[in-house]
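Below, chain A is the first sequence line, B the second, and so on; all start at residue 1.
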Number of protein chains: 4
Amino acid sequence: MTEQARRAQIVGAAIETVAELGYAATSFKQIATRAGLSSTGLISYHFKGKQELVDEVYAEVLRRYADFVMGFLDRSDTVAGELRAFLVANLRFMRAHRSHTVALMQVRPHVSVRGRDEDHRRMADLLREGQRSGEFREFDADTMAIFVLALRNGVLARAAEDEALDLDLCERELLTLVERATARAHQPPG
Amino acid sequence: MTEQARRAQIVGAAIETVAELGYAATSFKQIATRAGLSSTGLISYHFKGKQELVDEVYAEVLRRYADFVMGFLDRSDTVAGELRAFLVANLRFMRAHRSHTVALMQVRPHVSVRGRDEDHRRMADLLREGQRSGEFREFDADTMAIFVLALRNGVLARAAEDEALDLDLCERELLTLVERATARAHQPPG
Amino acid sequence: MTEQARRAQIVGAAIETVAELGYAATSFKQIATRAGLSSTGLISYHFKGKQELVDEVYAEVLRRYADFVMGFLDRSDTVAGELRAFLVANLRFMRAHRSHTVALMQVRPHVSVRGRDEDHRRMADLLREGQRSGEFREFDADTMAIFVLALRNGVLARAAEDEALDLDLCERELLTLVERATARAHQPPG
Amino acid sequence: MTEQARRAQIVGAAIETVAELGYAATSFKQIATRAGLSSTGLISYHFKGKQELVDEVYAEVLRRYADFVMGFLDRSDTVAGELRAFLVANLRFMRAHRSHTVALMQVRPHVSVRGRDEDHRRMADLLREGQRSGEFREFDADTMAIFVLALRNGVLARAAEDEALDLDLCERELLTLVERATARAHQPPG
DNA sequence: GATGAATGAGGCTTCATTCAT
DNA sequence: TATGAATGAAGCCTCATTCAT
């Protein structure tokens with residue numbers, strides 16, 4: 001088995017484990033079991049330490065997430081449309097890759113990698129672009145980025161806890177909210 | 001030293017420790033050291049187990065938080081005002097009791113006590129009241145409650161990570177956002 | 001409260017505790033609770049150490065046991081009769097003072113006091129007396145003493161485990177057995 | 001070193017330790033020291049918990065015991081002969097495997113495995129068979145089984161305490177006693 | 001004498017990591 | 001590479017005992 005394949009397999013098992021048991025209960029033994037490995041030693045062999053594995057898990061989930069979201073963004077030509085697409089994509093990702101999403105939320109606080117702020121920077125840039133284009137009203141883009149991501153995170157966290165949450169409803173309400181929050185003038189429906 | 005005082009001291013040390021090192025790195029030994037205790041046995045003597053201490057930490061922070069927020073809510077007579085006061089109070093609490101807030105966010109996922117959803121229920125009720133009174137537009141109150149609390153949590157989380165965050169700016173922007181999100185008709189400024 | 005009364009109270013609580021929870025689960029805290037004491041310190045104050053308490057428990061149960069058995073022995077004028085009375089007394093003691101008996105069996109292995117062999121010596125002496133008087137056949141009295149006490153202990157142990165054991169049946173069968181084991185010639189019934 | 005070998009080694013060390021120090025003083029540290037292990041963690045590595053080790057110790061001793069006793073039972077064709085063989089085997093086992101016997105008596109009260117009563121059931125069955133075959137007199141077989149096993153246990157316990165006990169003498173006397181206790185009619189010697 | 005908090009040793013267990021094979 | 005036993009640190013918890021009040 002190739003090095004890369006092994007790492008991927010281990011990372012995959014780690015994601016499953018974290019999603020299922022939560023970060024605290026995720027030990028090398030659990031991961032090894034789920035990966036069908038006969039020894040935790042193999043994990044240490046392929047990863048310098050637990051931290052590297054955790055970071056890799058985070059990166060892998062983020063990669064999948066980015067791929068998924070990307071597919072939604074391409075189709076819109078306005079900034080507001082892109083923002084809507086981003087939000088929709090996030091909620092759809094939750095449905096399509098529940099365990100990845102759950103793992104993401106569990107693992108995030110334990111990630112060492114700097115670059116967690118990249119999300120924020122990109123969002124702030126997008127918002128600024130919308131302001132330049134005249135679609136968005138005046139607001140502090142960095143602050144609004146915090147808000148938008150907070151909404152995303154909060155909904156995902158809630159969905160992670162409550163499997164019965166109506167994500168369609170959430171999506172509609174969220175789009176309405178964000179539009180009201182950002183639009184230059186409020187558009188009365190119809 | 002009286003039992004109650006000791007418990008309070010230990011809870012205090014635990015809060016400090018969690019705020020400083022994060023939940024994962026918070027061991028009885030760390031807490032004992034910070035509290036000036038001679039052994040971890042003393043913690044077990046005063047608390048039935050780690051879970052009881054964790055729950056107590058959560059309860060204590062929540063108590064302080066509730067007291068603090070209460071002081072802000074009394075003065076408003078409209079529901080919208082109460083909602084604003086709630087948000088303001090939360091951000092001010094972060095400033096006044098930073099370590100408590102950080103500890104709260106760290107500890108929340110590990111609390112056993114049921115009643116974590118109470119926050120959500122109360123917020124949803126408040127929002128419904130605003131709808132009945134005509135102050136708020138039509139929206140799904142439960143979903144909007146998720147949004148409002150997500151915003152609150154997201155801002156606090158951000159503030160916990162980034163000590164330099166401008167909370168005044170956040171406050172202003174947040175109030176604006178929430179008003180736009182909930183108001184029956186958008187009020188153009190001025 | 002007088003010193004002696006306190007000690008007696010603690011010993012009594014210890015007996016209850018051991019009978020109820022078994023030796024391994026008997027801690028000072030359990031004993032203190034059962035005695036209505038508010039501190040385990042009081043136990044350490046009245047007893048030099050756990051060993052002294054254990055020994056005292058053993059001695060106390062033995063004292064009661066001896067008193068009880070004594071009442072049965074007086075009435076017989078033959079050695080065989082005394083032996084029978086001893087056995088009957090033991091089984092009756094089990095019924096009358098179940099928890100004391102159970103405590104006795106639990107505590108015996110942990111007693112430091114030498115004098116556990118006294119039982120054996122007395123039994124051997126009794127048996128020798130029966131041999132001298134011509135009631136008993138020839139056998140090694142020390143070995144037979146082991147047997148008789150083993151039978152006694154085994155029945156008590158069984159009764160301790162199985163509350164439904166028919167002690168009347170046991171008594172009849174035991175007397176028959178011991179008579180056959182010791183009698184000079186087997187007496188056909190009737 | 002193979003898993004099975006390590007487990008066997010640990011069980012062996014545990015048997016030694018229990019035989020030497022008694023159950024109460026048998027800690028993982030003691031066992032590890034005696035087994036030449038570098039840490040108690042290794043014991044937990046090979047056994048799920050203390051209970052599993054205790055049960056394994058019990059099972060191992062019982063296995064050896066059963067093997068040993070088996071060799072004695074085959075040769076007899078009468079039930080009385082089988083009963084005698086059983087008793088002889090038990091006493092010989094004590095001599096041949098002293099520490100195992102002592103460990104057995106120490107560990108028995110702490111074993112979780114159900115099947116401790118199997119001994120009793122088998123003995124009662126054997127006795128009933130002897131009654132059906134006409135070798136044994138009328139008695140309650142369950143009660144007599146208690147007696148026979150009590151005698152066995154009592155002698156072993158005594159032998160465990162007193163290394164100087166004359167087991168040959170015990171054997172002869174025990175056989176005589178049991179024969180008198182069970183035989184249809186007392187056979188006068190010679 | 002009595003209280004109850006404090007002590008500190010010791011117990012079992014989990015875990016990431018190392019290492020010989 | 002892979003295995004899986006071994007390591008050793010660290011964690012939580014229990015307990016008898018001590019001590020100031």
Side-chain angles (χ1 to χ4, degrees), chain A residues 1-3 5-6 24-32 36-54, chain B residues 1-7 9-10 24-32 35-53, chain C residues 1-3 5-6 24-32 36-54, chain D residues 1-7 9-10 24-32 35-53:
Chain A
M1 201 168 196
T2 166
E3 157 87 26
R6 254 301 183 239
T26 296
S27 65
F28 276 18
K29 188 174 269 177
Q30 284 289 344
I31 297 171
L37 307 179
S38 45
S39 167
T40 64
L42 195 57
I43 299 177
S44 288
Y45 178 79
H46 285 284
F47 296 87
K48 210 180 65 185
K50 191 181 190 182
Q51 191 59 60
E52 187 180 311
L53 174 56
V54 166
Chain B
M1 201 169 196
T2 171
E3 157 93 31
Q4 204 177 356
R6 218 13 141 198
R7 279 179 71 104
Q9 183 203 8
I10 293 170
T26 297
S27 65
F28 276 17
K29 187 173 270 178
Q30 282 290 342
I31 297 171
L37 309 178
S38 60
S39 93
T40 67
L42 192 57
I43 299 177
S44 291
Y45 176 78
H46 286 284
F47 296 87
K48 211 177 64 185
K50 191 182 189 179
Q51 192 60 61
E52 186 179 310
L53 175 55
Chain C
M1 204 173 197
T2 165
E3 157 87 26
R6 254 301 181 238
T26 296
S27 64
F28 276 19
K29 188 175 271 179
Q30 283 288 343
I31 297 171
L37 306 178
S38 44
S39 166
T40 65
L42 196 57
I43 300 177
S44 289
Y45 178 79
H46 285 284
F47 295 87
K48 208 178 67 184
K50 192 182 190 182
Q51 192 58 60
E52 186 179 312
L53 174 56
V54 166
Chain D
M1 200 170 198
T2 171
E3 156 93 30
Q4 204 177 355
R6 217 16 140 200
R7 278 180 70 103
Q9 184 203 9
I10 293 170
T26 297
S27 65
F28 276 17
K29 186 173 270 178
Q30 282 289 341
I31 297 171
L37 308 179
S38 61
S39 93
T40 66
L42 193 56
I43 299 177
S44 291
Y45 176 77
H46 286 284
F47 296 87
K48 211 178 63 185
K50 190 181 190 180
Q51 191 60 60
E52 186 179 311
L53 175 55

What string of B, S and - do you get for nucleotides 12-21 of chain E, 5' to 3', if B is base contact, S is sugar-phosphate-only contact and - is no contact with any protein heavy atom under 4.0 Å? SBBSSBB---
Return the minimal non-hydrogen interatomic distance between B/Met1 and B/Arg6, and the atom names on each side. SD-NH1, 3.2 Å
Could you give the CD1-to-P distance, from B/Ile31 to F/dC13, as a whole number of Å? 11 Å
Please say which of D/Gln4, D/Gln9, D/Glu3 ends up in a side-chain contact (heavy atoms from CB on, under 4.5 Å) with D/Arg7. D/Glu3
Using whole Å, what does the distance between atom C1' of nucleotide E/dA5 and atom CZ of B/Arg7 come to? 14 Å
A quick test of your reading: do over 12 heavy atoms of other residues, nucleotides or ligands sit less than 6.0 Å from NZ of C/Lys50? yes
Candidate list A/Leu53, A/Leu42, A/Val54, test side-chain contact (heavy atoms from CB on, under 4.5 Å), partner A/Phe47, passing option: A/Leu53
Distance in angstrom units between B/His46 NE2 and F/dT14 P, rounded: 14 Å
The dot-bracket string of DNA chain F, counting Watson-Crick and G-U wobble pairs with both distances under 3.5 Å, using [ ] for crossing pairs and | for pairs to another strand, is .||||||||||||||||||||
Value rounded to 0.5 Å, distance of OG1 in B/Thr26 from CD1 in B/Ile31: 6.0 Å
E/dG1 OP1/OP2 closer than 4.0 Å to side-chain N/O of C/Arg6: no
Expressed as a whole number of angstroms, how long is the span from D/Met1:CE to F/dA6:P? 7 Å
How close or far is atom P of F/dG8 from atom CG of D/Leu37, stated in whole angstroms? 12 Å
Which whole-number value in Å describes the distance from A/Ile43 CD1 to F/dT1 P? 16 Å
Smallest separation among heavy atoms of A/Ile43 and A/Ala32, with atom names: CD1-N, 4.0 Å
In this structure, how many angstroms lie between the C1' atom of F/dA16 and the CD atom of C/Gln30, rounded? 15 Å
